[in-house]
Amino acid sequence: MSDRTIKIAIQQEPFDTQAETDLLTRQSGNVGALVSFSGICRADDTLSALELEHYPGMAEAQIRKIADDACAKWPILGALVIHRVGKIPVGETIVLVAVTSAHRHAAFDGASFIMDFLKSRAPFWKKEHLAEGGRGDWIDAKESDEAALSRWDQAAHSSHRS
Amino acid sequence: MSDRTIKIAIQQEPFDTQAETDLLTRQSGNVGALVSFSGICRADDTLSALELEHYPGMAEAQIRKIADDACAKWPILGALVIHRVGKIPVGETIVLVAVTSAHRHAAFDGASFIMDFLKSRAPFWKKEHLAEGGRGDWIDAKESDEAALSRWDQAAHSSHRS
Amino acid sequence: MTKLLYFSWVRERIGVAGEERDIPSTVSTVEQFLNWLSQQGEQYENALADAASLRVALDQTHVTADAPLNGAREIAIFPPMSGG
Amino acid sequence: MTKLLYFSWVRERIGVAGEERDIPSTVSTVEQFLNWLSQQGEQYENALADAASLRVALDQTHVTADAPLNGAREIAIFPPMSGG
């Protein structure tokens with residue numbers, strides 16, 4: 001575990017994706033593959049922004065546990081999760097997950113696994129801000145997000161994509 | 001197909017990953033997810049650089065076909081592939097694949113699919129440059145890369161991860 | 001005294017983000033705790049009416065309704081998580 | 001005249017990146033073409049000895065050994081691809 005780089009951050013401010021993934025890559029040793037995921041606040045007809053609420057302390061701990069679980073499943077060199085909270089306008093990045101590895105499959109699977117568990121196991125909640133002003137509803141958790149977790153139970157997964 | 005952004009480039013020069021993925025995102029419409037893969041020239045004890053050779057014309061056409069296949073399998077908004085050729089020093093990026101979508105699973109699957117097929121179906125070949133000077137061997141294709149293609153045959157794949 | 005934390009619409013309906021409460025010693029599981037808390041006023045009853053859509057963490061660990069409170073110092077109540 | 005292209009170690013062993021050749025009309029499949037080409041000199045024999053590790057594209061489309069040449073204007077020979 002000692003030579004793995006793991007960085008978890010929860011913050012209000014926007015961040016520089018390139019600077020963050022460059023730093024992760026430099027700190028990850030002999031990297032052959034970097035996979036990064038950016039979750040972006042999507043427009044719809046009525047939305048102007050999302051308000052992200054989190055449970056301080058538990059959120060960081062849960063994300064770290066998810067990243068550790070990913071590192072136990074695949075030969076990951078480095079993992080980075082930055083999750084913003086507060087008001088995030090349409091078009092801005094809400095979350096960045098980046099994973100480095102020697103080879104591509106561990107990086108793809110690790111990043112995808114972290115995102116799936118972050119969605120349903122890390123304590124964040126989203127509320128809509130409407131374009132015509134005022135707040136909309138809290139966004140319900142999706143059943144498909146909970147269902148997505150089960151595909152990682154398959155024992156075959158980590159072995160046939162080494 | 002008309003509102004999808006697909007960019008394919010094969011070039012000697014390094015490129016700016018952030019600028020390229022930002023442009024893709026802006027051109028992709030209502031993006032909720034961006035997944036990008038960077039394939040980096042890995043160090044080992046004796047390697048100083050890789051020399052990438054390609055089949056001009058066929059390489060671009062094959063990558064475009066692979067990207068089109070990905071767009072037919074998942075609801076992808078934009079796809080970008082930049083593959084460098086010529087001499088690439090250790091630590092530099094060889095290939096960038098980026099995919100945008102409304103939701104994360106299409107972006108993850110699309111980028112992973114494109115990389116898997118690019119590895120074994122696009123006409124590129126790699127030769128080692130050794131640290132002590134002189135050229136090493138051509139790098140053989142890996143059986144595991146060919147084997148990785150079969151997992152995309154499963155019809156269930158595109159449906160249960162929409 | 002136990003620290004109670006509320007998030008998302010649970011917080012909005014109860015009207016506070018957190019508070020300190022003495023929990024009776026007869027309340028020993030998460031389910032019993034939610035029943036007891038829903039009797040502490042109209043806004044609690046309203047916030048906790050739909051137990052199936054509530055999640056509870058004891059000392060920042062997600063637990064199920066049958067979990068014992070086990071002297072937890074911090075109890076958080078919130079809807080299913082929806083981050084990312 | 002057919003344009004022949006060689007890549008990677010096939011190119012190095014044959015000694016040229018490409019050339020124009022008249023292919024005899026009796027040569028009608030990819031397999032027959034590789035047999036015929038391997039008889040055009042020692043470097044061809046050497047480059048094409050291990051047929052199992054050769055790949056062929058006709059007019060930039062990857063084909064198998066039993067594919068007909070079908071008047072292809074460009075034939076490329078190379079080892080299995082290893083990009084990315």
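Residue numbering restarts at 1 for every chain, and letters A, B, ... go by the order of the sequence lines. Values below: all heavy atoms of this structure, side chains included; hydrogens, waters and symmetry mates excluded.
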Please say which of B/D22, B/T21, B/T17 ends up in a side chain to side chain contact (heavy atoms under 4.5 Å, CB included) with A/Q18.
B/T17
Atom CD of B/E143 with >12 non-hydrogen neighbours under 6.0 angstrom:
no
Who in residues 50-60 of chain B is close to chain A, using a strict under-4.5 Å heavy-atom cut-off?
none
Under 4.5 Å from any heavy atom of chain A - which part of B/A98:
neither
Determine the option with the most heavy-atom pairs under 4.5 angstrom with chain B, choosing from A/N30, A/T100, A/V97, A/D44.
A/N30
One option among B/A33, B/A43, B/S36, B/G91 has the most heavy-atom pairs under 4.5 Å with chain A, and it is B/S36
Side-chain touch A/M115/B/V35, heavy atoms, less than 4.5 angstrom:
no
Nearest 0.5 Å please: distance from the OG1 atom of A/T25 over to the CD1 atom of B/I40.
5.0 Å
Top contributor to chain B interface from A/C41, A/G39, A/A111 [non-hydrogen pairs under 4.5 Å]
A/A111
Are any of the side-chain heavy atoms of A/R104 and B/D145 separated by less than 4.5 Å?
yes
Under 4.5 Å between any side-chain heavy atoms of B/H103 and A/K142, yes or no?
yes
Around atom CD of B/E13, are there more than 12 heavy atoms of other residues, nucleotides or ligands at under 6.0 Å?
yes
Of the backbone (N, CA, C, O) and the side chain (C-beta and beyond), which part of A/A147 lies under 4.5 Å from a heavy atom of chain B, both, or neither?
neither
With sequence neighbours left out, which residue pairs that include part of residues 77-95 of chain A fulfil the side-chain hydrogen bond (donor to acceptor under 3.5 Å, both in side chains) condition?
A/R84-A/E92
My understanding is that only residues two or more places apart in sequence, or in another chain, count here; which of them pass salt bridge (Lys or Arg N to Asp or Glu O under 4.0 Å) with A/K126?
none
Checking B/A107 against chain A: side chain, backbone, both or neither under 4.5 Å from a heavy atom?
neither
Across all chains, not counting sequence neighbours, the salt bridge (Lys or Arg N to Asp or Glu O under 4.0 Å) partners of A/K7 are A/E20
Would you name the heavy atoms of A/A148 and B/H105 that are closest together and state the gap between them?
CB-CE1, 3.6 Å
For residues B/F108 and A/F108, establish whether the separation of their ring centroids is below 6.0 Å.
no
